[in-house]
Amino acid sequence: MHLIVGVFRLLVAAIGIVGVREIWLGDDLPGLVYFTNQSNLLLVVVMAWAGVGSLRAATRRGAPPATSSRLDGPPAWLKGAATLFILIAGLVYAVILEPGDPQPELILGLTDSDLVHVVTPIAALADFVLVDPHRRLRLRLALAWLAYPLAYCLFTTVRGAVAPELGYPYGFVDVAVHGYAGLLVNVAVYGVGFWVLGAIIIGLDRVLPTRSLLAPPRLASIPESAPPPGSAQDDPLRGDVRGTRA
């Protein structure tokens, strides 16, 4: 199972790389300003890291490592954060953003936008629910995870103020349209929504079994058979008959 999980995680990382290929292949560095691309690049790193850890576990046939190594996988808080951020990208795209211009299909009728807004969020959520061990996250992380979206909003605001010709990546952070008061309202509303989404992720982690849902079931230990009545083992005062000889 570790081998299958490792391959799946590396495949998700590869899909993320393909989805944002215009940044590293087409010299579209301004594309890095979009939250979707940033969250997908973070997911690429986290899923590749987790995939390597799964493949390492496959070589050990699932046995725990003799010594802890960072290559065994990302920490739980980072895996949860990557899951939250990619879900934010997918939900904002599905619920808030207006449809963009049609894009050419890549494979199976999917476009670049489908890969980074639909495929990777669904894959990340499935991996979190089915593959990750659980009961490792605490509710306080839902608030800590908001640091990145808030920092992103601050970045886009400063960028738009310093270089107005560059504009704003998303309409709901456009100060020219909403003003600073409207921006603060949007930040508060979206912040609460993102916190709730983070709390839901943590809630799932708390209610799901500790072990991965795809982990093979543990074999029940076979209890030792009770000693026959009257035997030495049955009578502690007699001790071990093998040790009573002179």
Side-chain angles (χ1 to χ4, degrees), residues 15-47 77-103 111-125 128 139-202:
I15 291 173
I17 291 176
V18 171
V20 298
R21 69 186 183 282
E22 291 298 328
I23 294 177
W24 55 269
L25 187 61
D27 196 24
D28 182 24
L29 290 180
L32 283 173
V33 73
Y34 290 96
F35 186 92
T36 295
N37 292 335
Q38 293 181 18
S39 60
N40 269 274
L41 288 172
L42 174 62
L43 185 69
V44 166
V45 174
V46 170
M47 292 300 282
W77 68 266
L78 181 58
K79 186 65 161 51
T83 303
L84 171 64
F85 300 150
I86 199 68
L87 288 178
I88 288 174
L91 289 174
V92 169
Y93 170 78
V95 177
I96 298 171
L97 298 183
E98 297 180 358
D101 297 330
Q103 294 181 333
T111 65
D112 287 337
S113 182
D114 294 330
L115 294 183
V116 298
H117 291 115
V118 180
V119 176
T120 53
I122 292 176
L125 180 61
F128 176 81
L139 185 59
R140 62 177 178 270
L141 282 173
L143 187 61
W145 287 337
L146 292 182
Y148 169 52
L150 289 175
Y152 176 82
C153 182
L154 178 61
F155 160 73
T156 57
T157 301
V158 173
R159 174 179 178 269
V162 173
E165 68 278 4
L166 297 178
Y168 296 85
Y170 300 104
F172 52 85
V173 294
D174 192 338
V175 175
V177 174
H178 302 287
Y180 286 101
L183 175 64
L184 291 177
V185 171
N186 285 344
V187 168
V189 171
Y190 282 87
V192 171
F194 296 163
W195 181 88
V196 170
L197 183 58
I200 291 174
I201 290 174
I202 295 171

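Please read all numbers here as calculations on a predicted model, not as lab measurements.
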_Distance check, rounded to the nearest 0.5 Å: L84 atom CG versus I202 atom CD1?_
8.5 Å
*Between L42 and F85, is any pair of side-chain heavy atoms under 4.5 Å apart?*
yes
_Atom of A161, atom of Y168 and distance for their closest heavy-atom approach_ = N-OH, 4.0 Å
*Please work out whether the ring planes of Y170 and Y34 are parallel, tilted or perpendicular, with thresholds of 30° and 60°.*
perpendicular
*Quick one: closest heavy-atom pair of P121 and G90, and the distance?*
CG-CA, 4.1 Å
*By ring-ring contact (aromatic ring centres under 6.0 Å, His included) - contacts of F128 (at least two apart)*: H134
*About how many Å separate CZ of F194 and CG of L146, when rounded to the nearest 0.5 Å?*
8.5 Å
*When you measure from the side chain of W145 to the backbone N and O of L78, does any donor-acceptor pair fall under 3.5 Å?*
no
*Quick one: pull up CG in N37 and CD1 in I23 and give me the separation to the nearest 0.5 Å.*
3.5 Å
*asked:* Given 3.5 Å as the limit, does a donor-acceptor pair link the side chain of D174 with the main chain of G171, or not?
replied: no
*Could you tell me which non-hydrogen atom of G19 sits nearest to which non-hydrogen atom of D112, and how far apart they are?*
O-CB, 4.3 Å
*Applying ring-ring contact (aromatic ring centres under 6.0 Å, His included), name anything that partners F35, two or more places apart in sequence or on another chain.*
Y148, Y152
*Heavy-atom pair with the smallest gap, counting every atom of G167 and R159*: O-NH1, 3.2 Å
_R21 side chain vs V18 backbone, donor-acceptor pair below 3.5 Å_ = yes
_Side chains of Y93 and T36 in contact at under 4.5 Å (non-hydrogen atoms)_ = no
_Working to the nearest 0.5 angstrom, can you tell me the gap between H117 NE2 and I86 CD1?_
8.5 Å
*Any donor-acceptor pair under 3.5 Å from N40 side chain to G16 backbone*: no
*Are any non-hydrogen side-chain atoms of L183 and T157 less than 4.5 angstrom apart?*
yes
_Distance (rounded to the nearest 0.5 Å) between M47 CE and I17 CD1_ = 12.0 Å
*Mark yes or no for whether Q38, through its side chain, and L32, through its backbone, hold a donor-acceptor pair below 3.5 Å.*
yes
